[in-house]
2 protein chains.
Amino acid sequence: MRHPLATSTFHKLRDEIENGIVTGTLPPGSRLDEVQLASRFGVSRTPIREALMQLGAIGLVEIRPRRGAVVVNPGPNRIYEMFEVMAELEGMAGSLAARRYTEEDRAKLLAAHAECERSVKSGDTDAYYYDNEIFHRAIYEASHSGFLLDQCTALHRRLRPYRRLQLRVLNRMKVSFGEHTRIVEAILAGEAEAARELLRGHIAVQGDRFGDLIASLTSNGQKLL
Amino acid sequence: MRHPLATSTFHKLRDEIENGIVTGTLPPGSRLDEVQLASRFGVSRTPIREALMQLGAIGLVEIRPRRGAVVVNPGPNRIYEMFEVMAELEGMAGSLAARRYTEEDRAKLLAAHAECERSVKSGDTDAYYYDNEIFHRAIYEASHSGFLLDQCTALHRRLRPYRRLQLRVLNRMKVSFGEHTRIVEAILAGEAEAARELLRGHIAVQGDRFGDLIASLTSNGQKLL
DNA sequence: AGTGGCGTTTTTGTATACATCCGTATTGAC
DNA sequence: GTCAATACGGATGTATACAAAAACGCCACT
């Protein structure tokens, strides 16, 4: 076999499989057969295994010795815990952003917010889902903490499938956008603690919203539970 | 070659190499030669590569395509950012612990605190370093958030080498223990916000303390910078 | 003497082969 | 008829072989 761009073969495989997991093509609990994946991607088992090892290390797949790899299936409780931590990290990012944002950060944040508004007005849930990610990333970047950016990005990615479900809940998009507006105001006003609390509340899955999330999960044909 | 406990060979290798990194046997910037490691552990390159992939995924080593793996060398700035996030997560754990701790958690926390006291009184820095980890782990566990426990444990591990240096700073051990005492009081009194703030302050590397840390790093013969 | 190009050597990335273990099904005994 | 034990198929874990790229050094040329 030719190796035209050999350096990134296993890297590509990792992204490919990871993408399949977060998009739902490989639902939680799926068995990840090495030979099957190998033939599917036209490579040998070696780079497949290396990709699975990486995904195992970041907690996306569970590698049971001698028993193969499966897509991790976090229960409702663990999903809740993940959102809890995400809320805290987002709050931290917002707090730092309020104190450290530059003119460039401000422009990016406002631009992302404007994009979200467009998607809300057109009622495009998928577009809002995408714009929402850019908006939050703008906050992470405005925190000017590279490590926090990495952590938030990674966790945000892992929560992708559940966040997508959340948006389907009635009116969630409009409510979310309203919260964004207040968050932007707090950050640009330099009100660190206000930004922290607003973002914590924005992410946290509290009361009814957690029930809604669980309902979405179970009504989706057990695919995610 | 026999494979008596084949299931965990690469797993052991991962822990072994990771241990070498956090203990300083493999200082930041070291090249991790695959054949060298393979012969050193008496295995082939395959499991070595799989172990390195995992370490690369969690950010302990940097894998440059076609150019080998090296132990990551975070600059002072990134180290500071990591402590910043650690402080936030610890604060969160303390806050949750204050609200959720059980009788068993209370016993473990007090026991760990007592062990710390013993080490302080005997002036044993290494013992305190060890007891300190148990103490903090007791807080993570009392938070009753499995995901938070995982996150805190992982980050705590990555910060190990720097924390060890910190303790060498004059009187740090006694000051640390005094802070522990107030943290225990706040948690057991159920004062969530107080526990959060105390733990944040306990971890955060602020003002002089960050300077001390950097000084320790640079005076250590550039091994860590 | 310094620099640039070319060949060698070392190392990484992938494929394949082999040994071991898990899961399952079939068969036999009670 | 049911349960258990064994054997077989299949998948994982590791080792080895091979291909390609990068690092290194050497020689020639300016």
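Letters A, B, ... are given to chains in the order of the sequence lines, protein chains preceding strands, and every chain is numbered from 1.
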> Does a salt bridge link R40(B) with E16(B), judged by any charged N lying under 4.0 Å from a carboxylate O?
Replying inline: no
>> Run the side chain to side chain donor-acceptor pair (under 3.5 Å) test against D131(B) and tell me which residues pass, sequence neighbours left out.
In response: S119(B)
>> The side chain of F10(B) is closest to which nucleotide in this list: dA15(D), dT14(C), dT14(D)?
In response: dT14(D)
> Who are the salt bridge (charged side-chain N to carboxylate O under 4.0 Å, His left out) partners of D150(A), not counting sequence neighbours?
Replying inline: R78(B)
>> Distance check needed: dG13(D) P versus R14(B) CZ, whole Å only.
In response: 14 Å
> Any Lys/Arg nitrogen of E141(B) or K108(B) sitting under 4.0 Å from an Asp/Glu carboxylate oxygen of the other?
Replying inline: yes
> Partners of E81(A) by salt bridge (charged side-chain N to carboxylate O under 4.0 Å, His left out), sequence neighbours excluded?
Replying inline: none
> With sequence neighbours excluded, what pairs up with E62(B) under the side chain to side chain donor-acceptor pair (under 3.5 Å) test?
Replying inline: none
>> Quick check: closest heavy atoms across E84(B) and S145(A), and the distance to 0.1 Å?
In response: OE1-OG, 4.3 Å
Listed pairs, N/O of protein and of nucleotides 22-24 of chain D, under 3.5 Å:
unit_1, atom_1, unit_2, atom_2, d
dA23(D), OP1, R67(B), NE, 2.7
dA23(D), OP1, R67(B), NH2, 3.3

Pull out every protein N or O sitting under 3.5 Å from an N or O of nucleotides 16-18 of chain D, one pair per line with the distance.
unit_1, atom_1, unit_2, atom_2, d
dT16(D), O4, T46(B), OG1, 3.3

> Looking only at heavy atoms, what is the nearest atom pair of A112(B) and F135(B), with distance?
Replying inline: CB-CA, 3.7 Å
> Expressed in angstrom and rounded to an integer, what is the separation of E34(A) atom CD from dC22(C) atom P?
Replying inline: 15 Å
> What's the CD-P distance between E50(A) and dG13(C), to the nearest Å?
Replying inline: 8 Å
> Nearest-Å distance, CG (L13(A)) to P (dG13(C))?
Replying inline: 13 Å
